[in-house]
J.: 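Dropping a structure here in C-alpha coordinates format, bear with me for questions.
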Amino acid sequence: MKLSLVLSTHQATFKALAFQGDFERNIERIAECGYDGVELAIRDPTLIDSDQVAEVIEKYNLSVSAIGTGQAWGEDRLSFTDPDSSVRKKALERFFAHINLANSLKAIVIIGLIRGIGGMSDIKKEQGWLVDALRKCSEMAQEKGIRLALEPINRYETVLINNATEGLEYLERVGSKNLGLLLDTFHMNIEEPSIEASIKNCGGRIFHFHVADSNRWYPGAGHLDFSSVLKALFGTKYEGFISGEFLPEPEAYLSASRSVSYLRALQARIE
Ligand code: LER
Ligand code: MN
(Lines give C-alpha, C1' and ligand atoms only; values in the text may rest on other atoms or scores of the structure.)
(Ligands and ions follow the chains in the order given, each with its own letter.)
Protein backbone atom coordinates (compact mmCIF):
# COMPACT_ATOMS: atom_id res chain seq x y z
CA MET A 1 0.00 0.00 0.00
CA LYS A 2 1.47 3.33 -1.09
CA LEU A 3 0.40 6.37 0.92
CA SER A 4 0.65 9.99 -0.09
CA LEU A 5 -0.60 13.27 1.33
CA VAL A 6 -1.92 16.36 -0.42
CA LEU A 7 0.36 19.36 -0.15
CA SER A 8 -0.35 22.79 -1.60
CA THR A 9 2.72 24.54 -2.98
CA HIS A 10 1.10 27.93 -2.25
CA GLN A 11 -1.47 29.33 0.18
CA ALA A 12 -4.98 28.34 -0.91
CA THR A 13 -8.56 28.93 0.13
CA PHE A 14 -9.31 25.15 0.00
CA LYS A 15 -9.06 23.90 3.58
CA ALA A 16 -8.76 20.07 3.36
CA LEU A 17 -4.97 20.24 3.23
CA ALA A 18 -2.90 18.99 6.12
CA PHE A 19 0.10 21.15 5.30
CA GLN A 20 0.60 24.59 3.78
CA GLY A 21 3.56 26.98 4.06
CA ASP A 22 7.31 26.29 3.79
CA PHE A 23 7.68 23.66 1.07
CA GLU A 24 10.86 21.83 2.12
CA ARG A 25 9.87 21.77 5.81
CA ASN A 26 6.50 20.26 4.85
CA ILE A 27 8.10 17.63 2.61
CA GLU A 28 10.44 16.73 5.46
CA ARG A 29 7.51 16.34 7.87
CA ILE A 30 5.50 14.27 5.37
CA ALA A 31 8.48 11.91 4.98
CA GLU A 32 8.89 11.75 8.78
CA CYS A 33 5.26 10.65 9.14
CA GLY A 34 6.02 7.62 6.94
CA TYR A 35 4.43 8.60 3.64
CA ASP A 36 5.72 7.20 0.33
CA GLY A 37 4.67 10.16 -1.74
CA VAL A 38 3.14 13.59 -1.96
CA GLU A 39 0.24 14.85 -4.05
CA LEU A 40 0.96 18.40 -5.17
CA ALA A 41 -1.92 20.86 -5.39
CA ILE A 42 -0.70 23.43 -7.89
CA ARG A 43 -2.65 26.50 -8.90
CA ASP A 44 -0.40 27.43 -11.82
CA PRO A 45 2.72 25.47 -12.87
CA THR A 46 4.43 28.71 -13.94
CA LEU A 47 4.52 29.73 -10.25
CA ILE A 48 6.90 26.91 -9.33
CA ASP A 49 10.40 25.80 -10.27
CA SER A 50 9.78 22.16 -11.20
CA ASP A 51 13.47 21.15 -10.99
CA GLN A 52 13.72 22.55 -7.49
CA VAL A 53 10.47 20.85 -6.45
CA ALA A 54 11.70 17.52 -7.86
CA GLU A 55 15.05 17.91 -6.10
CA VAL A 56 13.48 18.48 -2.68
CA ILE A 57 11.04 15.60 -3.09
CA GLU A 58 13.86 13.25 -4.15
CA LYS A 59 16.03 14.37 -1.23
CA TYR A 60 13.40 12.95 1.16
CA ASN A 61 12.89 9.77 -0.93
CA LEU A 62 9.30 10.59 -1.82
CA SER A 63 7.58 10.41 -5.17
CA VAL A 64 4.79 12.55 -6.60
CA SER A 65 1.54 10.57 -6.67
CA ALA A 66 -0.54 13.16 -8.49
CA ILE A 67 -0.89 16.80 -9.46
CA GLY A 68 -4.07 18.51 -8.27
CA THR A 69 -5.44 21.25 -10.54
CA GLY A 70 -8.53 22.44 -8.62
CA GLN A 71 -6.91 25.68 -7.52
CA ALA A 72 -7.09 26.90 -11.13
CA TRP A 73 -10.82 27.11 -10.35
CA GLY A 74 -10.55 27.86 -6.63
CA GLU A 75 -8.15 30.78 -6.96
CA ASP A 76 -8.41 31.89 -10.60
CA ARG A 77 -11.97 30.82 -11.58
CA LEU A 78 -10.76 28.97 -14.68
CA SER A 79 -13.03 26.14 -15.79
CA PHE A 80 -13.77 23.86 -18.74
CA THR A 81 -17.47 24.83 -18.57
CA ASP A 82 -17.39 28.62 -18.22
CA PRO A 83 -19.96 30.25 -20.56
CA ASP A 84 -17.14 32.49 -21.84
CA SER A 85 -15.13 30.62 -24.48
CA SER A 86 -11.96 32.65 -23.69
CA VAL A 87 -12.10 31.39 -20.07
CA ARG A 88 -12.59 27.80 -21.26
CA LYS A 89 -9.55 28.25 -23.52
CA LYS A 90 -7.44 29.60 -20.65
CA ALA A 91 -8.52 26.67 -18.45
CA LEU A 92 -7.35 24.22 -21.12
CA GLU A 93 -4.03 26.03 -21.51
CA ARG A 94 -3.56 25.92 -17.73
CA PHE A 95 -4.34 22.19 -17.67
CA PHE A 96 -1.89 21.55 -20.52
CA ALA A 97 0.78 23.22 -18.36
CA HIS A 98 -0.17 20.84 -15.53
CA ILE A 99 0.26 17.90 -17.92
CA ASN A 100 3.72 19.14 -18.91
CA LEU A 101 4.68 19.41 -15.26
CA ALA A 102 3.32 15.91 -14.57
CA ASN A 103 5.48 14.64 -17.38
CA SER A 104 8.65 15.74 -15.61
CA LEU A 105 7.44 14.54 -12.19
CA LYS A 106 5.98 11.23 -13.47
CA ALA A 107 2.59 11.81 -11.91
CA ILE A 108 -1.10 11.44 -12.64
CA VAL A 109 -3.05 14.67 -13.25
CA ILE A 110 -6.35 15.20 -11.42
CA ILE A 111 -9.47 16.69 -12.98
CA GLY A 112 -11.47 18.01 -10.03
CA LEU A 113 -13.11 21.41 -9.88
CA ILE A 114 -11.26 22.71 -12.95
CA ARG A 115 -14.29 21.24 -14.73
CA GLY A 116 -16.39 23.98 -13.07
CA ILE A 117 -19.36 23.88 -10.73
CA GLY A 118 -22.02 23.92 -13.47
CA GLY A 119 -25.30 25.82 -13.48
CA MET A 120 -23.72 28.87 -15.15
CA SER A 121 -25.32 28.09 -18.52
CA ASP A 122 -27.56 25.45 -20.12
CA ILE A 123 -26.60 22.09 -18.53
CA LYS A 124 -26.50 20.24 -21.87
CA LYS A 125 -24.10 22.86 -23.23
CA GLU A 126 -21.92 22.54 -20.12
CA GLN A 127 -21.84 18.75 -20.44
CA GLY A 128 -20.84 19.08 -24.10
CA TRP A 129 -18.03 21.56 -23.29
CA LEU A 130 -16.84 19.20 -20.59
CA VAL A 131 -16.69 16.15 -22.87
CA ASP A 132 -14.90 18.24 -25.46
CA ALA A 133 -12.30 19.46 -22.91
CA LEU A 134 -11.81 15.95 -21.51
CA ARG A 135 -11.13 14.64 -25.02
CA LYS A 136 -8.56 17.37 -25.70
CA CYS A 137 -6.84 16.81 -22.33
CA SER A 138 -6.77 13.03 -22.76
CA GLU A 139 -5.33 13.38 -26.23
CA MET A 140 -2.54 15.69 -25.08
CA ALA A 141 -1.79 13.50 -22.05
CA GLN A 142 -1.78 10.35 -24.18
CA GLU A 143 1.02 11.75 -26.35
CA LYS A 144 3.16 12.06 -23.21
CA GLY A 145 2.08 8.78 -21.63
CA ILE A 146 0.32 10.59 -18.76
CA ARG A 147 -2.81 9.29 -17.04
CA LEU A 148 -5.67 11.59 -15.98
CA ALA A 149 -8.02 10.99 -13.05
CA LEU A 150 -11.53 12.49 -13.15
CA GLU A 151 -12.97 12.99 -9.66
CA PRO A 152 -16.70 12.70 -8.88
CA ILE A 153 -17.36 15.53 -6.38
CA ASN A 154 -20.36 15.86 -4.08
CA ARG A 155 -23.49 17.87 -4.97
CA TYR A 156 -22.68 20.76 -2.62
CA GLU A 157 -19.58 21.65 -4.67
CA THR A 158 -20.67 21.04 -8.30
CA VAL A 159 -23.58 19.74 -10.38
CA LEU A 160 -21.19 18.16 -12.90
CA ILE A 161 -20.28 14.50 -12.07
CA ASN A 162 -21.32 13.82 -8.47
CA ASN A 163 -20.92 10.07 -8.29
CA ALA A 164 -19.08 7.06 -9.67
CA THR A 165 -21.85 6.10 -12.11
CA GLU A 166 -21.74 9.56 -13.71
CA GLY A 167 -17.95 9.38 -13.74
CA LEU A 168 -18.06 6.09 -15.66
CA GLU A 169 -20.57 7.56 -18.12
CA TYR A 170 -18.14 10.40 -18.92
CA LEU A 171 -15.28 7.93 -19.39
CA GLU A 172 -17.50 6.10 -21.91
CA ARG A 173 -18.35 9.32 -23.75
CA VAL A 174 -14.73 10.44 -23.93
CA GLY A 175 -13.42 7.00 -24.85
CA SER A 176 -9.73 7.40 -23.89
CA LYS A 177 -7.79 4.63 -22.17
CA ASN A 178 -5.64 7.11 -20.22
CA LEU A 179 -8.68 8.76 -18.58
CA GLY A 180 -9.79 7.05 -15.37
CA LEU A 181 -11.42 8.01 -12.08
CA LEU A 182 -10.27 9.45 -8.79
CA LEU A 183 -12.58 8.21 -6.04
CA ASP A 184 -12.66 10.22 -2.79
CA THR A 185 -14.19 8.61 0.32
CA PHE A 186 -15.47 11.99 1.57
CA HIS A 187 -17.57 12.54 -1.56
CA MET A 188 -18.52 8.85 -1.80
CA ASN A 189 -19.91 8.93 1.73
CA ILE A 190 -22.33 11.64 0.60
CA GLU A 191 -23.22 10.33 -2.85
CA GLU A 192 -22.78 6.55 -3.19
CA PRO A 193 -25.49 4.10 -2.03
CA SER A 194 -22.62 1.74 -1.14
CA ILE A 195 -18.99 2.88 -1.18
CA GLU A 196 -17.74 -0.71 -1.51
CA ALA A 197 -20.13 -1.61 -4.37
CA SER A 198 -19.13 1.54 -6.29
CA ILE A 199 -15.42 0.77 -5.85
CA LYS A 200 -16.02 -2.75 -7.13
CA ASN A 201 -18.04 -1.44 -10.07
CA CYS A 202 -15.29 1.03 -11.09
CA GLY A 203 -12.63 -1.71 -10.82
CA GLY A 204 -9.63 -1.08 -13.06
CA ARG A 205 -10.89 2.40 -13.99
CA ILE A 206 -9.75 3.71 -10.58
CA PHE A 207 -6.50 5.59 -11.24
CA HIS A 208 -6.22 7.49 -7.94
CA PHE A 209 -7.85 7.39 -4.49
CA HIS A 210 -8.46 10.11 -1.87
CA VAL A 211 -9.11 9.32 1.77
CA ALA A 212 -10.79 11.43 4.42
CA ASP A 213 -13.26 10.29 7.04
CA SER A 214 -16.99 11.21 7.11
CA ASN A 215 -16.18 14.55 8.80
CA ARG A 216 -13.26 15.21 6.41
CA TRP A 217 -10.81 14.65 9.24
CA TYR A 218 -8.08 11.96 8.92
CA PRO A 219 -9.19 8.30 8.45
CA GLY A 220 -10.13 6.93 11.85
CA ALA A 221 -11.56 10.24 13.12
CA GLY A 222 -15.09 9.71 11.79
CA HIS A 223 -17.54 6.86 11.17
CA LEU A 224 -16.43 5.41 7.81
CA ASP A 225 -15.54 1.71 7.79
CA PHE A 226 -12.06 1.96 6.26
CA SER A 227 -11.36 -1.73 6.77
CA SER A 228 -14.22 -2.57 4.44
CA VAL A 229 -13.31 0.27 2.03
CA LEU A 230 -9.69 -0.89 1.75
CA LYS A 231 -10.76 -4.50 1.26
CA ALA A 232 -12.97 -3.41 -1.63
CA LEU A 233 -10.17 -1.29 -3.11
CA PHE A 234 -7.55 -4.06 -2.84
CA GLY A 235 -10.16 -6.40 -4.37
CA THR A 236 -9.95 -4.36 -7.60
CA LYS A 237 -6.16 -5.01 -7.68
CA TYR A 238 -5.60 -1.26 -7.24
CA GLU A 239 -1.88 -0.51 -7.14
CA GLY A 240 -1.94 3.29 -7.08
CA PHE A 241 -1.54 5.68 -4.18
CA ILE A 242 -4.01 6.15 -1.35
CA SER A 243 -3.78 9.88 -0.88
CA GLY A 244 -4.82 11.74 2.28
CA GLU A 245 -6.91 14.84 1.60
CA PHE A 246 -8.28 15.92 4.96
CA LEU A 247 -8.56 18.90 7.29
CA PRO A 248 -5.48 19.71 9.41
CA GLU A 249 -7.41 18.89 12.61
CA PRO A 250 -6.72 18.82 15.49
CA GLU A 251 -3.30 19.82 14.07
CA ALA A 252 -1.51 19.20 10.75
CA TYR A 253 1.30 16.86 11.84
CA LEU A 254 -0.96 14.90 14.20
CA SER A 255 -3.62 14.32 11.55
CA ALA A 256 -1.02 13.29 8.96
CA SER A 257 0.73 10.80 11.24
CA ARG A 258 -2.50 9.39 12.73
CA SER A 259 -3.75 8.67 9.20
CA VAL A 260 -0.59 6.67 8.38
CA SER A 261 -0.71 4.61 11.61
CA TYR A 262 -4.40 3.91 11.25
CA LEU A 263 -4.28 2.84 7.59
CA ARG A 264 -1.13 0.72 8.03
CA ALA A 265 -2.68 -1.06 11.04
CA LEU A 266 -5.83 -1.81 9.03
CA GLN A 267 -3.76 -3.08 6.12
CA ALA A 268 -1.86 -5.47 8.41
CA ARG A 269 -5.19 -6.91 9.63
CA ILE A 270 -6.61 -7.25 6.12
CA GLU A 271 -3.63 -9.15 4.65
C1 LER B 1 -10.51 17.76 -4.49
O2 LER B 1 -9.81 16.56 -4.58
C3 LER B 1 -11.78 17.57 -3.75
O4 LER B 1 -12.03 16.53 -3.19
C5 LER B 1 -12.79 18.65 -3.75
O6 LER B 1 -13.57 18.60 -2.57
C7 LER B 1 -12.21 20.02 -3.96
O8 LER B 1 -13.21 20.96 -3.87
MN1 MN C 1 -10.67 14.80 -3.37
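Remember, it's 1-based here, ligands and their atoms both numbered in the order they're listed.
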J.: Distance under 4.0 Å to a non-hydrogen atom of His210: what atoms of ligand 1 satisfy this?
T.: 2 (O)
J.: Is Arg88 close enough and on-axis enough to Trp129, meaning under 6.0 Å and within 45°, for cation-pi?
T.: yes
J.: Which atom name does Glu245 have for its N/O/S atom nearest to the Mn ion (ligand 2)?
T.: OE1
J.: Decide, yes or no, whether a salt bridge links Arg25 with Glu28 under the criterion of side-chain N to carboxylate O below 4.0 Å.
T.: yes
J.: In this structure, does ligand 1 have an atom that sits under 4.0 Å from one of the heavy atoms of Arg216?
T.: yes
J.: Any chance the rings of Phe80 and Phe95 have centres within less than 6.0 Å?
T.: yes
J.: Does the distance from a Lys or Arg side-chain N to an Asp or Glu carboxylate O, for Glu139 and Arg135, drop under 4.0 Å?
T.: no
J.: Looking only at N, O or S atoms, find the one in Asp184 nearest to the Mn ion (ligand 2) and name it.
T.: OD2
J.: Enumerate the atoms of ligand 1 whose separation from the nearest heavy atom of Asp184 is less than 4.0 angstrom.
T.: 4 (O)
J.: Could you tell me, atom by atom, which parts of ligand 1 come under 4.0 Å of a heavy atom of His187?
T.: 3 (C), 4 (O), 5 (C), 6 (O)
J.: Give the numbers and elements of all ligand 1 atoms closer than 4.0 Å to a heavy atom of Leu113.
T.: 8 (O)
J.: Need the atom name: nearest N/O/S atom of His210 to the Mn ion (ligand 2).
T.: ND1
J.: Of all N, O or S atoms in Glu151, identify the one at the shortest distance from the Mn ion (ligand 2).
T.: OE2
J.: Would you mind listing which atoms of ligand 1 come within a distance below 4.0 Å of any non-hydrogen atom of Glu157?
T.: 5 (C), 6 (O), 7 (C), 8 (O)
J.: Carefully, step by step, assess Asp213 and Phe246 under the rule side chain to side chain contact (heavy atoms under 4.5 Å, CB included).
T.: CA-CA 8 Å; Asp213 217 317; Phe246 42 76; over 6 Å; no
J.: Check this for me: does any side-chain nitrogen of one of Asp184 and Arg216 sit under 4.0 Å from a carboxylate oxygen of the other?
T.: yes
J.: Decide if atom CD of Glu32 counts as having more than 12 heavy atoms of other residues, nucleotides or ligands within a radius under 6.0 Å.
T.: yes
